[in-house]
Amino acid sequence: MTCVVNILRSFLIACSFLTILPVPAMEWTEDNMRPFCLAFPLVGIPIGALWGLLAFALSGWSASPTLRGVVMALCALALTGGIHMDGLMDTCDALFSRRDREARLKILSDPHAGAFAVMGCAAALLLQSAIFAELLSA
């Protein structure tokens with residue numbers, strides 16, 4: 001029974017780490033953290049369910065597919081608190097800097113966003129919006 005409780009706690013910790021969903025506060029103990037990374041894919045279940053509900057709600061809206069796609073992309077950004085976008089932006093700044101390994105690692109820890117970060121973020125949001133628009137127009 002303790003194992004199941006630890007897995008549930010790990011799932012809740014992963015939800016609190018990867019989303020803005022309100023979950024009960026859990027202690028970050030060693031037992032709770034052991035299966036922590038294994039719970040990451042499970043966090044996709046509530047996110048996917050909320051996306052599905054939003055897509056269903058937007059299907060009755062007479063707005064253009066483009067606008068509905070943008071709303072879906074912004075919902076994804078809001079649900080995750082932008083944690084994935086932050087990582088993408090850091091990675092874009094480091095990879096496209098064309099510097100040596102040590103300089104790229106330093107860029108990854110820099111809290112400021114550079115030009116490559118902004119371009120990567122814009123490209124990702126545009127692409128995600130377009131994909132959602134295509135899916136919602138079918």
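For the numbers below, each heavy atom of this structure counts, side chains included, while hydrogens, waters and symmetry mates do not.
Rounding to the nearest 0.5 angstrom, the gap separating the OG1 atom in Thr19 from the CD1 atom in Ile83 is 9.5 Å. Put simply, CG on Leu67 and CG on Leu58 are 8.5 Å apart, with the number rounded to the nearest 0.5 Å. Atoms CG and CD1, on Leu136 and Ile131 in that order, are 12.0 Å from each other to the nearest 0.5 Å. Note: Ile107 CD1 to Phe116 CZ = 9.5 Å, rounded to the nearest 0.5 Å. Taking CG of Leu42 as the start and CD1 of Ile47 as the end, the distance is 11.5 Å to the nearest 0.5 Å. Note that the CG atom of Leu77 and the CE atom of Met85 stand 5.5 Å from one another [nearest 0.5 Å].
Contact annotation: the side chain of Leu12 approaches that of Pro24 to within less than 4.5 Å [non-hydrogen atoms, C-beta and beyond].
In this structure, the side chain of Ser97 engages the main chain of Ala94 through a donor-acceptor pair within 3.5 Å. With hydrogens and angles disregarded, a donor-acceptor distance shorter than 3.5 Å links the side chain of Arg104 to the backbone of Arg99.
Using a 30° and 60° split on the angle between ring planes, Phe40 and Phe17 fall in the parallel class, below 30°.
Connection of Val71 to Leu126 is not established within any shared hydrophobic cluster, with ILVMFWY side chains joined at heavy-atom distances below 4.5 Å, either directly or through further cluster members. Under the 4.5 Å side-chain contact rule for hydrophobic residues, Trp61 and Trp51 share a cluster. Linking ILVMFWY residues whenever their side-chain heavy atoms come closer than 4.5 Å, directly or via other members, leaves Phe96 and Leu88 in distinct clusters. When the side chains of ILVMFWY residues are joined at heavy-atom separations under 4.5 Å, either directly or via intervening members, Leu54 and Phe132 end up in a single hydrophobic cluster. Met89 and Leu95 are assigned to two separate hydrophobic clusters, defined by single-linkage of ILVMFWY side chains at heavy-atom distances under 4.5 Å.
Between Ser129 and Val70, the shortest heavy-atom distance links the atoms OG-CA, 3.6 Å. Across every non-hydrogen atom of Cys92 and Gly120, the tightest pair is SG-CA, 3.8 Å. Scanning both residues, Ala14 and Ala39, for their nearest heavy atoms gives CB-CB, 4.0 Å. A pairwise comparison of heavy atoms in Ala76 and Gln128 identifies CB-NE2, 3.9 Å as the closest pair.
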Any chance you could lay out the side chain to side chain contact (heavy atoms under 4.5 Å, CB included) test for Leu50 and Leu21, step after step, and finish with the verdict? CA-CA 11 Å; Leu50 290 170; Leu21 298 176; 3.6 Å; yes
